[in-house]
There are 2 protein chains.
Amino acid sequence: MGGFAGLPGSTAAMPAEVSYYKRMLDDIRARIASGEWPPGRRIPPTRDLLAMYGESFGVRSASTVRRVVEVLIETGELRGHQGVGVYVAGDATE
Amino acid sequence: MGGFAGLPGSTAAMPAEVSYYKRMLDDIRARIASGEWPPGRRIPPTRDLLAMYGESFGVRSASTVRRVVEVLIETGELRGHQGVGVYVAGDATE
DNA sequence: CTGGATTTGTACGTATGTATT
DNA sequence: CAATACATACGTACAAATCCA
């Protein structure tokens with residue numbers, strides 16, 4: 001099945017590929033750091049993140065997106081609320 | 001496929017089950033905190049962790065074990081070295 | 001030096017449970 | 001009750017690095 005073989009979505013001669021995982025992790029962290037997604041803001045649901053990173057990076061699996069979000073929840077950078085959404089941490093109303 | 005439905009490996013009437021994920025996370029952290037796995041020590045490979053947590057908790061999937069290790073690597077508690085092993089962080093020789 | 005075994009790393013897939021709206 | 005969305009678990013495939021006979 002899967003594998004990622006040089007990372008699909010990028011052209012042939014591209015050395016030192018960065019994984020989807022790390023790219024998404026960095027991207028979300030950058031959006032938080034830049035203030036685009038401020039503390040307390042709800043981030044897009046998994047489905048929308050998949051659409052986003054599907055276009056920009058070529059990610060095809062929701063489970064890959066989810067693993068990134070899970071890690072950011074564990075590190076305390078995000079907060080998940082089942083049935084509701086995932087929020088940027090650091091807000092006063094926590 | 002899977003699902004976990006009340007967590008297999010535990011008897012019927014057991015409320016507020018804790019997930020395999022959290023139990024493994026806590027267990028590894030406890031081993032580190034207790035000094036059983038001191039800084040610099042290599043932890044058992046995924047295969048062995050699966051055998052361990054398969055017996056104690058009923059975990060059946062290597063991918064579940066891996067996710068826990070990935071999180072602990074991201075939090076900086078462990079350090080992974082591809083082809084070699086995963087080590088407890090905090091050692092001088094890092 | 002070479003090739004197999006070991007082990008971590010990454011990606012995708014699927015099923016199901018639980019909480020909220 | 002249905003739809004939405006997060007949470008957890010298991011499974012599969014392959015890549016990459018290291019080790020060792």
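First the proteins, then the strands, lettered A, B, ... as listed; each starts at 1. Just the heavy atoms: all of them, side chains too, but no hydrogens, waters or symmetry mates, feed the values below.
Closest contact between the side chain of A/Val84 and the listed nucleotides C/dT20, D/dT18, C/dC12 involves C/dT20. In the set C/dG9, C/dC12, D/dC10, C/dC12 carries the atom at the smallest distance from any side-chain atom of A/Val59. With D/dG11, C/dG9, D/dC6 as the candidates, the nucleotide lying closest to the side chain of A/Thr46 is D/dC6. Ranking C/dG9, C/dC12, D/dT8 by closeness to the B/Lys22 side chain, first place goes to D/dT8.
Taking atom OH of residue A/Tyr53 and atom P of nucleotide C/dA11, one finds them 14 Å apart after rounding to whole Å. In this structure, A/Tyr21 atom OH and C/dC12 atom P are separated by 14 Å, rounded to whole Å. Note: CZ (B/Arg66) to P (C/dT8) measures 7 Å, nearest angstrom. Distance CD (B/Gln82) to C1' (C/dG9): 5 Å, rounded to an integer number of Å. Atom CG in A/Leu78 sits roughly 15 Å away from atom C1' in D/dA7 (whole-Å rounding). One interatomic measurement links the two molecules: CG of A/Leu72 to P of D/dA7, which rounds to 12 Å at whole-angstrom precision. Atom-to-atom, CD of A/Glu17 to C1' of D/dA15 comes out at 13 Å; the value is rounded to the nearest Å. Atom-to-atom, CD of A/Glu70 to P of C/dC12 comes out at 15 Å; the value is rounded to the nearest Å.
The nearest heavy atom of DNA chain C to A/His81 and to B/Pro44 marks one nucleotide each, and the one closer to the 5' end goes with B/Pro44. Map B/Pro45 and B/Arg67 each onto its nearest nucleotide of DNA chain C; the residue landing nearer the 5' end is B/Pro45.
Of the side-chain N and O atoms in A/Thr64, one or more sit less than 4.0 angstrom from OP1 or OP2 of C/dC12.
Using a 4.0 Å cut-off between a side-chain N of Lys or Arg and a carboxylate O of Asp or Glu, A/Asp26 and A/Lys22 do not qualify as a salt bridge.
By the 4.5 Å heavy-atom criterion applied to side chains, A/Arg29 and A/Leu72 are counted as neighbours. The side-chain heavy atoms of A/Val71 and B/Glu70, taken from C-beta on, include no pair separated by under 4.5 Å.
Cluster annotation: A/Met24 and A/Ile43 are assigned to the same hydrophobic cluster (Ile/Leu/Val/Met/Phe/Trp/Tyr, side-chain heavy-atom contacts under 4.5 Å, transitive).
If you run side chain to side chain contact (heavy atoms under 4.5 Å, CB included) between B/Tyr20 and each of B/Leu25, B/Val68, B/Val59, only B/Val59 comes through.
At a threshold of 4.0 angstrom between heavy atoms, the contacts of A/Leu49 with the nucleic acid are absent.
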